[in-house]
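Working notes, structure below.
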Amino acid sequence: MSTNKRVLITGAAGFLGSHLCDRFIKEGYDVVGMDNLITGDLKNIEHLFKLKEFEFYHHDISKFVHVPGQIDYILHFASPASPIDYLKIPIQTLKVGSLGTHNLLGFARVKNARILVASTSEVYGDPTVHPQTENYWGNVNPIGPRGVYDEAKRFQEAITMAYHTYHNVETRIVRIFNTYGPRMRLNDGRVLPAFIGQALRGEDLTVFGDGSQTRSFCYVDDLIEGIYRLLLSNYAYPVNIGNPQEITIREFGEEIIKLTGTNQKLITHPLPQDDPKQRRPDITKAQEILGWEPKINREEGLKITYDYFKSLPIEELNKTEHRFT
Ligand code: UDP
């Protein structure tokens, strides 16, 4: 029997889940990946299947969760996470954040495991406080198109704190801001894969609204490092992890045009309902508690990500899905 610590990662075949699997394998853990594959892709973890330290369960965690044997840590990263997904599968989005989280917290309790749940900057909604600190309560429209994701994640935070307080489960909550890098789905509708995909196909880049809305993009390796440190810390309250380098979407489009050398231009489409006008993490807490801050700037991170997208087979590139119809 292995003497390694054993970690369960939900959403293992997704963008962040698959990077977490890699990181925990690298750190010497045994990893149990779980995914129902509605938005995840086995290609992201197929390189792990040959390892004896890795197991995979094809399972929907909104149903009862069981894994035999010891589990020391749980990382809950299962959820549709891009607007295009949660518009298409709103009920599953609500269920995985609520019923799924409840199941995993119960499972953590039974196994005496520490659990870290993936929350999001979306809990701040369309924020009126800028940059966003963890003590800001947010400005969320519960019945708007993004409400299914935002409220599922807000419920997730509430039930996670309740298990911490009433059942003494060791819990951690990370609030993840916009993240990018290899293994993002090219057709997931989010701005970076959308722009790079359009540039690669020779289409114009679709800026929603006037493009003055801002986001702050974090490279995936930086994010994973922050999550790793948070899991091993003793801090149970939410922590923002993201890169505070803020940019307007229009400027971001211009950066992608420069990076890809495309001759295409920016064109505008209507702004989706409830699209946050500004977003930037205040990371003071992560700096103080975890000694963490991002190391990879946008220029470097975008170059790596572009090289990844360029290397994908042409069929992937043509599987486009547009948010505007
Ligand atoms: N966006 C855009 N063009 C696209 C896709 C997205 O201008 O083709 C905008 C979107 O309206 C939002 C920002 O880019 O203001 C980031 O959108 P994304 O879906 O990546 O994530 P969000 O941060 O809104 O969850």
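First listed ligand is number 1; within each ligand, the first listed atom is number 1. Just the heavy atoms: all of them, side chains too, but no hydrogens, waters or symmetry mates, feed the values below. Position 1 is the first residue of the sequence, and the numbers go up from there.
- Judged by distance alone, with hydrogens and angles left aside, the side-chain atoms of Gln264 form a donor-acceptor pair with the main-chain N or O of Gly202 at under 3.5 Å.
- For ligand 1, the atoms closer than 4.0 angstrom to any heavy atom of Arg279 are 22 (P), 23 (O), 25 (O).
- Between Phe64 and Phe107, the distance from one ring center to the other does not fall under 6.0 angstrom.
- In Leu205, neither the side chain nor the backbone holds a heavy atom less than 4.0 Å from any atom of ligand 1.
- Applying the 4.0 Å criterion to heavy atoms of Ala194 picks out, from ligand 1, the atoms 8 (O).
- Applying the salt bridge (charged side-chain N to carboxylate O under 4.0 Å, His left out) rule to Lys52 yields no partners; only residues at least two apart in sequence or on another chain are considered.
- In Val191, the parts holding a heavy atom less than 4.0 Å from any atom of ligand 1 are both the side chain and the backbone.
- For ligand 1, the polar-atom distance check finds an N/O of Phe208 within less than 3.5 Å of one of the ligand's N/O atoms.
- Using bins of under 30°, 30° to 60° and over 60° for the plane-to-plane angle, the ring pair Phe54/Phe49 lands in the perpendicular bin.
- Residue contacts with ligand 1 for Arg190 involve both N, CA, C or O and side-chain atoms from C-beta outward (heavy atoms, distance under 4.0 Å).
- The closest approach between His269 and ligand 1 stays at or above 4.0 Å for every heavy atom of the residue.
- Residue contact check: Pro83 has heavy atoms under 4.0 Å from atoms 19 (O) of ligand 1.
- Below 3.5 Å of separation, one finds no N or O of Tyr86 facing any N or O of ligand 1.
- Proximity to Val207 (heavy-atom distance under 4.0 Å) selects the following atoms of ligand 1: 7 (O).
- Below 30°, between 30° and 60°, or above 60°: for His102 and Tyr163 the angle between ring planes is above 60°, a perpendicular geometry.
- The one candidate from Asp188, Asp22, Asp41 that meets the salt bridge (Lys or Arg N to Asp or Glu O under 4.0 Å) condition with Arg183 is Asp22.
- A search for side chain to side chain contact (heavy atoms under 4.5 Å, CB included) contacts involving Asp274 returns Asn141, Pro145, Arg146, not counting sequence neighbours.
- Counting only distance, with no hydrogens or angles, the side chain of Asp222 and the backbone of Lys295 share a donor-acceptor pair below 3.5 Å.
- For Thr206, heavy-atom contacts with ligand 1 shorter than 4.0 Å involve the backbone as well as the side chain.
- Every atom of ligand 1 with a heavy atom of Gly189 under 4.0 Å away is listed here by number and element: 5 (C).
- When non-hydrogen atoms are compared, ligand 1 lies under 4.0 Å from neither the backbone nor the side chain of Arg250.
- Here the rule is side chain to side chain donor-acceptor pair (under 3.5 Å) with Arg175, and of Glu122, Glu157, Glu134, Gln132 only Glu157 fits it.
- Annotation: Gln198 places no N or O atom under 3.5 Å from an N or O atom of ligand 1; distance criterion only.
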